[in-house]
Structure formats: structure tokens, C-alpha cells
Visitor: 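Before I ask anything, let me first share the structure, which is written out below as C-alpha cells.
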Amino acid sequence: MTTRLDGRIALITGAGSGLGRQHALLFAALGARVVVNDLGGAVGGEGASTAAADTVVEEIRARGGEAVASHDSVTDIDGAGRMVARCIEAFGGLDIVVNNAGILRDRSFAKMTAEDFEAVVRVHLFGAFNVTHAAWPHMIERQYGRVILTTSAAGTNGNFGQVNYGAAKLGLVGMMNCLALEGARKNVHVNCISPAAITRMTESFDLGKLGDYMGPELVSPAVAWLASEDCAQSGLILTAIAGHYGNVRYVETPGVQFDPVVPVTPDMIAGAREQIEAMAGAKPVRPGPLGDIVDHLKAIARL
Ligand code: NAD
């Protein structure tokens, strides 16, 4: 099997540097036509410049690929509409959206301002909403789409000083879980990449020798696979760091089932704590709001 993106039209946000730039270069090398979106601001989101997106477009063209630039902010709902319009005008459609644009405003929670929180949530979570929402009708209508959302271990695992970022990044997982269900019957697949790589966003972290192995070019192949027609998966959180690829999953333990017609006390929860937390027999959560409750109640003959 050879994974290719020939003829596919991809919109990649934040593709003017770091991971997004690598994704754009690889996608173009695999045959995709790419809309390189980037606002061109600083890591904290300040400022703007057309140079970031334009430079990557030039790089792609110099290698014989096809690309056009988009300089809108993902936080601008009209700008998101213009990004999608750019795909259609330049290349005649839109098959793939990689929501990658991001900023950081790291501070301990006590020092974090509401503005720090909002700015980060606006770019990562609202930005992904704006762009995906603008692209969605085209994908549903054409019954084909691949949407990738960029989450982070800061959300799935937690990280000191990143309450805003972790909240936004785990919000994207919730978005994916619901969108994967909405897109399923229309061949629109929605997955998350959870990357870690040395970029301008992380270059100040002291990772020692580990940093030598964390090139962004080790993340992009995982994104290209999620973006490919061959990828039948939807609702996956694919991790990619230093050549390691894994799947973060939400699992639920078998837990304890009390009889729901008998009052439950806090002491009963405390007493069952070990059984609630025991991992033996844990399974990936079943999609949908009810999980496995019907099975649990059937097991005690209440259903
Ligand atoms: P980066 O700063 O090199 O790239 C982010 C890009 O997004 C920049 O080019 C920036 O101009 C652009 N951008 C920011 N706000 C924008 C907006 N409003 N509209 C359009 N473009 C905007 O950082 P990176 O490390 O390449 O990060 C890429 C993505 O990967 C981010 O979502 C980040 O949170 C995520 N991520 C990165 C790491 C890592 O280790 N580098 C880890 C986990 C997740």
C-alpha cells in the first residue's frame, strides 16, 4: 500500500511554521493541492504578517507542488469562510482540513488572566470550530472529508501552567468525538493528532538529548495518513512524538452497579472506590451519552 494524496485539496491552518509547515510540505509532496493558511503572528498570538504563509507557498512551488496562501485568522468566522472559498476558487473543492493553528500563553493558574484563557481558547477551539464549520457542508454534500484536529498531551495528560491550553485542547477531543458520529454516514472522518515536536512553540523547553529526536517531520506522516482516503478510522487520538506513534483512548472500568431503586450513600461510593477504579476488564467507552449502562442494568435484571 502506498499512501498518496493525489488530487486531494487540503486546507492547513497555521501552516506558515513548525508542524503546519511540515504537514504542508509533505501533503504537497504526496500530490495534494494545499491552501497554506497562516496569520503570521508571534507564539503568543500578537501581530500578523503575510510572509509566513507566502514563504511556505514558495517552498512548495519550488519543489514542483501546488499551493496558494491564505492570511486570515482562524478566530475570524468570516475569515474561515474566505479560507474555504479560497480552496474552491483555486482548486475546485475541499477534501481535507488540518486544524493546526495555535498560540501559547503559559502561566500558572493563579497568574493566568481571563484574557490569557480566552485568547488561547479562541484560537484553538473556536478557530477549529470556525474553519471546520465552514468546510463541513462541502464535505457532507460531496460525501467525502478528512478533518484533523490538533490536540495535545497538555489536555489529555495535563501540564503545569497550561490550564487555558489544556482546556482548549481537550475541548477539541470532545469536538472530535461528536463530529465523528455526525460525519460517519457521509464518509467524513474526524481524528485528532496529539503531537510533540521542537518548533518555535517548544524551543525554549530544555529537553536535553530528547530534543534531538523531536523533529516536526516525524509528526507529519501520521497526519498525512489520517488525511488519506485509506484511513477508515474516525474518532482516534493518534500520538506522534520522536518516532513513536500510539493511541490515547478513553476507557471505562467495569465499576460497580448498585441497584438503582435502593438509595446510594456517599459511604457506599467510598467503600466501592477500589472496584470503581480497578482497571481489570476496562474497555474503550462506547460512543454516545449512555455508555454501557443498559448492559450494567441488564446484568442485575433491572432491564
Ligand atoms: P508554531 O508556533 O510553529 O505554529 C503555529 C502556527 O499557527 C504559527 O505559524 C502561527 O502564525 C499560526 N497561527 C497562530 N494563530 C493563528 C490564527 N489565529 N490564525 C491562523 N494562524 C495562526 O507551533 P507548532 O508547535 O508548530 O504548533 C502547531 C500546532 O501543534 C498547535 O496547535 C500546537 O498547539 C500543537 N501542538 C504542538 C506541540 C509541540 O510540541 N510543538 C505539542 C502539542 C500540540
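Note that ligands are numbered from 1 as they come in the structure, with each ligand's atoms numbered from 1 the same way. All figures in this text were calculated on a predicted structure; none of them were measured in a lab.
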Visitor: Return the residue, atom name and 0.1 Å-rounded distance of the protein heavy atom closest to atom 6 (C) of ligand 1.
Guide: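 In this structure, atom 6 (C) of ligand 1 has G14 O, 3.5 Å as its nearest protein heavy atom.
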
Visitor: Quick one: nearest non-hydrogen protein atom to atom 19 (N) of ligand 1, plus distance?
Guide: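 Protein heavy atom with the smallest distance to atom 19 (N) of ligand 1: V74 N, 3.0 Å.
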
Visitor: Out of all atoms in ligand 1, which are within 4.0 Å of some heavy atom of G41? Include the element for each.
Guide: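 Near G41, the atoms of ligand 1 are 11 (O).
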
Visitor: Do H71 and N37 meet the criterion of a side-chain donor-acceptor pair at a distance under 3.5 Å?
Guide: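 Result is no, nothing qualifies.
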
Visitor: Name the option, out of S73, G45, G102, G47, that contains the heavy atom nearest to atom 5 (C) of ligand 1.
Guide: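 Nearest heavy atom to atom 5 (C) of ligand 1 lies in G102.
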
Visitor: Regarding R122 and the six-membered ring of F117, is the cationic atom NZ or CZ under 6.0 Å from the ring centre and inside 45° of its axis?
Guide: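 So R122 doesn't make the cation-pi contact.
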
Visitor: Which residue holds the protein heavy atom closest to atom 41 (N) of ligand 1, what is that atom called, and what is the gap in Å?
Guide: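 For this ligand atom, the closest protein heavy atom is A197 O, 3.1 Å.
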
Visitor: Could you tell me whether the side chains of T113 and D116 share a donor-acceptor contact shorter than 3.5 Å?
Guide: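 Their side chains do contain a donor-acceptor pair, which is all the 3.5 Å distance test asks for.
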
Visitor: Give the atoms of ligand 1, by number and element, whose distance to some non-hydrogen atom of S17 is under 4.0 Å.
Guide: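 In order of number, 1 (P), 3 (O), 4 (O), 8 (C), 9 (O).
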
Visitor: At less than 4.0 angstrom from any non-hydrogen atom of S152, what atoms of ligand 1 do you find?
Guide: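 Per the distance check, 43 (C), 44 (C).
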
Visitor: With a 4.5 Å cut-off on side-chain heavy atoms, are D6 and L30 touching?
Guide: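 L30 does not reach D6 side chain to side chain.
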
Visitor: Can you list the atoms of ligand 1 that are under 4.0 Å from a heavy atom of M201?
Guide: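 Matching atoms, with element in brackets: 23 (O), 25 (O), 27 (O), 33 (C), 34 (O).
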
Visitor: Identify, by atom number and element, the atoms of ligand 1 in contact range of G18, meaning under 4.0 Å from any of its heavy atoms.
Guide: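 Those atoms are 3 (O), 26 (O).
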
Visitor: So if I count the atoms of ligand 1 from 1 in the order they appear, which ones are less than 4.0 Å from some heavy atom of I103?
Guide: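 It comes down to these atoms of ligand 1: 14 (C), 15 (N).
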
Visitor: Return the option from L104, L39, I193, N159 holding the heavy atom at the smallest distance from atom 21 (N) of ligand 1.
Guide: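 Comparing heavy atoms across L104, L39, I193, N159, the nearest one to atom 21 (N) of ligand 1 lies in L39.
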
Visitor: Specify the protein heavy atom at minimum distance from atom 26 (O) of ligand 1: its residue, its atom name, and the distance to 0.1 Å.
Guide: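 Going atom by atom, the protein heavy atom closest to atom 26 (O) of ligand 1 ends up being L19 N, 2.8 Å.
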
Visitor: State whether R286 and D295 are salt-bridged, where the test is any N-O pair (Lys NZ or Arg NE/NH1/NH2 against Asp/Glu carboxylate O) under 4.0 Å.
Guide: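 Between D295 and R286 there is a salt bridge, with a charged N closer than 4.0 Å to a carboxylate O.
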
Visitor: So do the side chains of M279 and V251 get within less than 4.5 Å of each other, counting heavy atoms only?
Guide: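 Side chain of M279 against side chain of V251, heavy atoms only: contact under 4.5 Å found.
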
Visitor: Salt-bridge test for R86 and D72: reply yes if a basic N is under 4.0 Å from a carboxylate O, no otherwise.
Guide: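 Not counted as a salt bridge, because no side-chain N and carboxylate O are separated by less than 4.0 Å.
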
Visitor: Mark the output for K169 as yes if a heavy-atom distance to ligand 1 is under 4.0 Å, and as no if none is.
Guide: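 The answer is yes, since K169 has a heavy atom less than 4.0 Å from ligand 1.
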
Visitor: I'd like to know if E229 and R8 make a salt bridge, using a cut-off of under 4.0 Å between side-chain N and carboxylate O.
Guide: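 A salt bridge links E229 with R8.
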
Visitor: Under a 4.0 angstrom heavy-atom cut-off, which atoms of ligand 1 come close to G40?
Guide: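 Numbered from 1, ligand 1 contributes 11 (O).
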
Visitor: For atom 36 (N) of ligand 1, which protein heavy atom lies nearest, and how many Å away is it?
Guide: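 Of the protein heavy atoms, Y165 OH, 3.4 Å lies nearest.
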
Visitor: Out of D38, L172, T199, N37, indicate the one that has the non-hydrogen atom closest to atom 12 (C) of ligand 1.
Guide: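 The nearest heavy atom belongs to D38.
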
Visitor: Just wondering, do Q22 and V219 contact through their side chains at under 4.5 Å, heavy atoms?
Guide: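 No, every pair of side-chain atoms sits at 4.5 Å or beyond.
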
Visitor: Is the side chain of H189 donor-acceptor paired with the backbone N or O of C231 at a distance under 3.5 Å, no angle test?
Guide: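 Checking the backbone N and O of C231 against the side chain of H189, a donor-acceptor pair under 3.5 Å is found.
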
Visitor: Side chains of T132 and N99: any donor to acceptor distance under 3.5 Å?
Guide: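 There is such a pair between these side chains.
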
Visitor: Spell out, as yes or no, whether a donor-acceptor pair under 3.5 Å connects the side chain of T202 to the backbone of A197.
Guide: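 Yes, the answer is positive, given that a donor and an acceptor are paired below the 3.5 Å cut-off.
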
Visitor: Would you please determine whether N100 falls within less than 4.0 Å of ligand 1 on a heavy-atom basis?
Guide: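 Judged by the 4.0 Å heavy-atom criterion, N100 does count as contacting ligand 1.
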
Visitor: For ligand 1, which is the ligand I care about here, please tell me if A196 has any N or O atom under 3.5 Å from one of the ligand's N or O atoms.
Guide: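 By distance alone, the answer is no.
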
Visitor: Counting non-hydrogen protein atoms only, what is the nearest one to atom 35 (C) of ligand 1? Give residue, atom name and distance.
Guide: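 Minimum-distance protein heavy atom for atom 35 (C) of ligand 1 reads T150 CG2, 3.5 Å.
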
Visitor: Closest non-hydrogen protein atom to atom 42 (C) of ligand 1, residue and atom name please, with distance?
Guide: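 Of the protein heavy atoms, P195 O, 2.9 Å lies nearest.
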
Visitor: Can you find a non-hydrogen atom of H124 under 4.0 Å from ligand 1?
Guide: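 Distance cut 4.0 Å: H124 passes for ligand 1.
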
Visitor: Can you confirm whether the side chains of Q162 and D106 place a donor and an acceptor under 3.5 Å from each other?
Guide: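 Looking only at side-chain atoms, D106 and Q162 do form a donor-acceptor pair, the distance falling under 3.5 Å.
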
Visitor: Which atoms of ligand 1 are found less than 4.0 Å from any heavy atom of T202?
Guide: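 Heavy-atom distances to T202 below 4.0 Å select 39 (C), 40 (O), 41 (N).
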
Visitor: Among all the protein's non-hydrogen atoms, which is closest to atom 2 (O) of ligand 1, and how far away is it?
Guide: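 Of every protein heavy atom, R200 NE, 2.8 Å lies nearest to atom 2 (O) of ligand 1.
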
Visitor: Between D95 and R146, is the closest basic N to carboxylate O distance under 4.0 Å?
Guide: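 So R146 does not pair with D95 through a salt bridge.
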
